[in-house]
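Below is one structure, written out as structure tokens, with a few remarks after it.
Chain letters run A, B, ... following the sequence lines, proteins first and then strands; every chain starts at 1. Nothing here was measured: the structure is a model prediction, and the numbers come from that model.
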Amino acid sequence: MSIDLAELKALQQQYATKVIQYDRNEAFSPRYIAGGDVGFEAQGTVARAAMVILTWPELELVEYQVARVPVTLPYIPGYLSFRECPALEAVWQMLTIKPDLLFIDGQGVAHPRGLGVASHFGLFADVPTIGVAKSRLCGEYDALSPEPGSVVGLRYQGQLIGSVLRSKVRCNPLFISVGHQISATSALAWTQRCLRGYRLPEPTRWADAVASNRPSFQRWLARQ
DNA sequence: GCGACAG
DNA sequence: ATCTTGTCGC
């Protein structure tokens, strides 16, 4: 049976109206901040989602989980959340510690219909989320200065939908956008606060390390 | 019709 | 995303 994109599109438009783009609670001090990422294996037939729990403000890894779920949809630009959310939901339920804030690898509202994977999952899990993408899906932005820390707005159809941040020198910028239950200002601020000298903020960096079993994660495992 | 296009 | 080694540069 073929994929009914028109149906998924209608769902996105419906879900998008439920996304909260302001802070759930002003000036909150999170205890745990999480990161989520999804990879694929077995010729792309299985989605492998990883989530990590870090303490704030130390940003030390205290828990990680990995879930494998059969893929039900191919990658179609603009419909990524339907492909990755099932796996993200699976790892989410495995966590013994639920975070106060979750960073997701991908767009939040910086999406043609305002429902990137960070927003879609935040809505489903009812948790504040921030979308941190490594490349652009839609929108335009002015040239970015080479200095780390420089930021410019991401616009789409006359609206400000996110921020383009040079998190590290000589690295391509990050595309930050509201996921759910957070303001655009806070989304950018928390991303900056979670930066520790690498291109990716710690939550997303660790989630990627776990999902891909990178050396940094292997070393952490050995020390446990 | 042509180019763009998260992971 | 994934397939994959070395290599140039800070």
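As judged by a 4.0 angstrom heavy-atom cut-off over every strand, Gln43(A) is placed among residues making no nucleic acid contact. Using a 4.0 Å heavy-atom cutoff across all strands shown, Gly44(A) reaches no nucleic acid atom at all. Among the protein residues, Tyr75(A) comes within range of the nucleic acid bases, having at least one heavy atom under 4.0 Å from a base atom. Residue Tyr79(A) is classed as a base contact, given a heavy-atom separation below 4.0 Å to a base. When heavy atoms are screened at a 4.0 angstrom cut-off, Val117(A) is found touching base atoms of the nucleic acid. Residue contacts shown for Gly116(A) include a base, since a base heavy atom lies under 4.0 Å away.
In terms of phosphate contacts, Lys134(A) brings no side-chain nitrogen or oxygen within less than 4.0 Å of OP1 or OP2 of dA6(B). One finds a side-chain N or O of Arg136(A) lying less than 4.0 angstrom from the OP1 or OP2 phosphate oxygen of dC5(B). In this structure, Ser135(A) reaches the dG7(B) phosphate: one of its side-chain N or O atoms is under 4.0 Å from OP1 or OP2.
The distance from atom CZ of Arg113(A) to atom C1' of dA6(B) is 12 Å, rounded to the nearest whole Å. Atom P of nucleotide dG7(B) and atom CZ of Phe121(A) are separated by 18 Å, given to the nearest angstrom. If you take CG of Leu88(A) and P of dA6(B), they are 17 Å apart, rounded to a whole angstrom. The NE2 atom of His120(A) sits 18 Å away from the P atom of dA6(B) (whole-angstrom rounding). Computed from coordinates, the Leu174(A) CG to dA6(B) P distance equals 15 Å when rounded to whole Å. Spacing between atom CG of Leu137(A) and atom P of dA6(B) amounts to 6 Å, rounded to whole angstrom units. Rounded to whole Å, the distance from CG on Leu154(A) to C1' on dA6(B) is 12 Å.
Between the side chain of Ser150(A) and the main chain of Glu147(A), a donor-acceptor pair closer than 3.5 Å is present. A distance-only check finds a donor-acceptor pair linking the side chain of Ser119(A) to the backbone of Gly179(A) [under 3.5 Å].
Lacking a ring centre under 5.5 Å from that of the base six-membered ring together with a plane angle below 30°, Phe175(A) does not count as stacked on dA6(B).
Considering Ile53(A), Leu59(A), Asp37(A), Leu61(A) in turn, Leu61(A) is the only one that fulfils the side chain to side chain contact (heavy atoms under 4.5 Å, CB included) rule with Trp206(A). For the pairing with Tyr15(A), the ring-ring contact (aromatic ring centres under 6.0 Å, His included) check across His180(A), His120(A), His111(A) returns one residue only, His120(A).
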Quiz item: After noting the C-alpha distance and the side-chain angles of Leu11(A) and Leu115(A), does the key distance pass the side-chain contact (heavy atoms from CB on, under 4.5 Å) rule?
Solution: CA-CA 10 Å; Leu11(A) 278 176; Leu115(A) 197 81; over 6 Å; no
Exercise. Could you give me the CA-CA distance, side-chain angles and deciding distance for Trp220(A) and Glu60(A), then say whether side-chain contact (heavy atoms from CB on, under 4.5 Å) is met?
Key: CA-CA 11 Å; Trp220(A) 179 87; Glu60(A) 290 176 345; over 6 Å; no
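Extent of DNA chain C lying under 4.0 Å from chain A heavy atoms, first and last nucleotide in 5' to 3' order, is dA1(C) to dC10(C).
Both Arg170(A) and Asp37(A) lie close to DNA chain C; mapped to their nearest nucleotides by heavy-atom distance, the more 5′-ward contact belongs to Asp37(A).
No donor-acceptor contact under 3.5 angstrom links the side chains of Asp105(A) and Thr204(A), judged on distance only.
Heavy atoms of other residues, nucleotides or ligands lying less than 6.0 angstrom from OH of Tyr156(A) number more than 12.
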